[in-house]
Participant: 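The structure follows.
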Amino acid sequence: MESGKTNLIINYLPQTLQDEEFNTLFLSMGPIKSSKIVRDRSTGYSYGFGFVDYETPEDAQRAVDTLNGTELQNKTIKVAFARPSGENIKEANLYIKNIPKSMTRDELQALFTEYGKIIQVRILTDPYGNSRGVGFVLFDKKEEAEFALNSLDGIVPKGGTECLSVKHAEDNKGKARAPNQPAGGANVRGGYRHDRGGGMRGGMGQYGGRGGAYGGNMSGYWERPSMTSYGPAGPGGGYPRGGGGPMRSQSSRFRYNPMSSGYSQGQNESQNGGSGSGHILFVYNIGVDAQESTLWQLFSPFGTIEKVNVIRDHAKNQCKGYGFVTMSTYEEAANAIQNLNGYNFTGGKPLQVSFKSAKE
DNA sequence: TGAGATT
């Protein structure tokens, strides 16, 4: 697969993150060929990482630039280009024991670095943040890991009294299961997860271009024809109208009982923005530098985001200070209002978050 | 005995 410039690996995903949320977050950067949270086949348990393959290298790069470091629930996700897959990158992970308690992650990395390209180093800690003396070193290649194992297993590191133990990390995949997530539970909600690739990947990628619906849902992959509005690099900068109103009257009416600015749940959906069943929130005082990812970071802790929309002055190439966030359910939207309205996140004016009224 | 970086 020569998708090296478009294929991303996403690490440190929250355990409960759904495929739909995952897909929607990355779709905000542009059209994607496929996205997937890697899960145990039988239990649906998320391994905490996933892949997103964009149609263009530019969108992939932008996703790395803007979504890496995004906080989702209790995690800070990592977004990076995926290495091309192959046998040589498997079994490249080492499990280290008897690491001196005083040794830092950087020192451990320094010890291993001469044996190859290191992808990741981790020292496990107790709840107080103290080293437990065990950790992992992941190399780029199997041979490099082998070299390090043969060279370092049994040595006494500086500052230590015990022999370092270096072994191949065991693969515990398949045993894992989240405590509150029985097999077939919430992870498979919505039916977006399918095992077995279907062997049709050669047929992917013909999606009719930007601005159109992408057809062709593949087994195990996400596809969402209704989502055609992207961020700045999207088709024609396709923001719905929506400017014009709220700027003029940024007075008390937005601060005043945000739960009731002309909104009644379950009714007037068409008034409230048209498409679908989402609940649209108006978000003001997000600052001129706000990005789609800014809204994602703010709102994703409170539920499933269907869409974010930052309103920009395209002449000045900056945000007009407000945007919209569509959440899946009324409860999530209401919860976001309760938690975010009045939140001072820019250091400037506090956020004003309310249900989008008919006027806006 | 140990998290979650290769579908």
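Sequence lines set the chain letters: A, B, ... in the order given, protein chains first and strands last, and positions in each chain run from 1. Bear in mind that the values here come from a model prediction, so they are computed numbers and not experimental data. Scope of the values below: all heavy atoms of this structure, side chains included, with no hydrogens, waters or symmetry mates.
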Participant: With stacking defined as ring centroids separated by under 5.5 Å and planes differing by under 30°, is A:Phe51 stacked against B:dT6?
Facilitator: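 By the stated criterion, A:Phe51 and B:dT6 do not stack.
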Participant: I need the CD1-C1' distance between A:Ile10 and B:dG4, as an integer number of Å.
Facilitator: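 The distance from CD1 of A:Ile10 to C1' of B:dG4 comes to 15 Å, rounded to the nearest Å.
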Participant: Can you measure A:Ile118 atom CD1 to B:dA3 atom P for me and round it to whole angstrom units?
Facilitator: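 Result: 20 Å.
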Participant: Name the nucleic acid region contacted by A:Ala92, choosing base, sugar-phosphate or nothing; use a 4.0 angstrom heavy-atom cut-off, strictly under.
Facilitator: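 The answer is nothing, as A:Ala92 stays clear of every strand by at least 4.0 Å.
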Participant: Do we count A:Phe136 as stacking onto B:dA3 if the rule is ring centres under 5.5 Å and planes under 30°?
Facilitator: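 Yes.
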Participant: Looking at B:dA3, B:dT7, B:dG4, which one has an atom nearest to any side-chain atom of A:Asn93?
Facilitator: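 Ranking B:dA3, B:dT7, B:dG4 by closest atom to the A:Asn93 side chain puts B:dA3 first.
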Participant: Between P on B:dA3 and CD on A:Gln15, what's the gap in Å once rounded to a whole number?
Facilitator: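 Checked: the CD to P distance equals 13 Å.
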Participant: Side chain of A:Lys36 only, heavy atoms from C-beta on: which candidate in B:dG4, B:dT7, B:dG2 is closest?
Facilitator: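 Closest nucleotide to the A:Lys36 side chain: B:dT7.
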Participant: If the plane angle is over 60° it's perpendicular, under 30° parallel, otherwise tilted; pick one for A:Phe147 and A:Tyr115.
Facilitator: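 Perpendicular, since the angle between the ring planes exceeds 60°.
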Participant: Could you check how far CG of A:Leu72 sits from P of B:dG4, rounded to whole Å?
Facilitator: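 Result: 15 Å.
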Participant: What nucleotide, of B:dT6, B:dT7, B:dG2, holds the atom closest to the side chain of A:Glu170?
Facilitator: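 When the side chain of A:Glu170 is considered, B:dG2 is the closest of B:dT6, B:dT7, B:dG2.
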Participant: Has the side chain of A:Asn7 got a donor or acceptor atom sitting under 3.5 Å from an opposite partner on the base of B:dT7?
Facilitator: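 Per atom types, the contact qualifies.
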Participant: Heavy atoms only, 4.0 Å cut-off, all strands: where does A:Ile9 land among base, sugar-phosphate and nothing?
Facilitator: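 Base: the residue A:Ile9, judged by heavy atoms under 4.0 Å, touches a nucleobase.
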Participant: Map A:Lys97 and A:Gln120 onto DNA chain B by nearest heavy atom, then report which one ends up closer to the 5' terminus.
Facilitator: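 Whichever sits nearer the 5' end wins; that is A:Lys97.
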Participant: Roughly how many Å is it from CZ in A:Arg105 to C1' in B:dA3, rounded to a whole number?
Facilitator: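 Distance check: A:Arg105 CZ to B:dA3 C1' gives 14 Å.
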Participant: Just to confirm, is there a sub-4.0 Å distance from OP1 or OP2 of B:dT7 to any side-chain nitrogen or oxygen of A:Lys90?
Facilitator: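 It does, given that an N or O in the side chain of A:Lys90 lies less than 4.0 Å from OP1 or OP2 of B:dT7.
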Participant: What pairs with A:Glu143 under side chain to side chain contact (heavy atoms under 4.5 Å, CB included), at least two apart in sequence or on another chain?
Facilitator: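 For A:Glu143, the residues satisfying side chain to side chain contact (heavy atoms under 4.5 Å, CB included) (neighbours in sequence not counted) are A:Asn88, A:Lys141.
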Participant: Among B:dT6, B:dG2, B:dG4, which is the nearest nucleotide to the side chain of A:Ser85?
Facilitator: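 For A:Ser85, the side-chain atoms sit closest to B:dT6.
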Participant: Looking only at side-chain atoms of A:Tyr95, point me to the closest of B:dT6, B:dT1, B:dG4.
Facilitator: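 Selected nucleotide: B:dT1.
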Participant: Quickly work out the A:Phe26 CZ to B:dT7 P distance and round it to whole Å.
Facilitator: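 Those two atoms, CZ and P, are 18 Å apart.
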Participant: Rounding to an integer number of Å, can you tell me how far A:Leu124 CG sits from B:dA3 P?
Facilitator: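 Between P of B:dA3 and CG of A:Leu124: 6 Å.
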Participant: Hey, what do you get for CD1 (A:Ile32) to CG (A:Leu8), rounding to the nearest 0.5 Å?
Facilitator: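 Interatomic distance, A:Ile32 CD1 to A:Leu8 CG, rounded to 0.5 Å: 10.0 Å.
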Participant: Students often get this wrong, so: under 4.0 angstrom with heavy atoms, is A:Arg122 touching a base, only sugar-phosphate, or nothing?
Facilitator: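 Sugar-phosphate: the residue A:Arg122, judged by heavy atoms under 4.0 Å, touches backbone atoms but no base.
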Participant: Nearest to the side chain of A:Lys75 - B:dG4, B:dG2, B:dT6?
Facilitator: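 In terms of side-chain proximity for A:Lys75, the closest of B:dG4, B:dG2, B:dT6 is B:dG4.
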Participant: Which of these passes side-chain contact (heavy atoms from CB on, under 4.5 Å) with A:Phe26: A:Val52, A:Asp59, A:Asp53?
Facilitator: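 Single side-chain contact (heavy atoms from CB on, under 4.5 Å) partner of A:Phe26 among A:Val52, A:Asp59, A:Asp53: A:Val52.
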Participant: Without swapping roles, check the side chain of A:Asn285 against the backbone of A:Leu351 for a donor-acceptor pair under 3.5 Å.
Facilitator: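 Side chain of A:Asn285 to backbone of A:Leu351: no pair is present.
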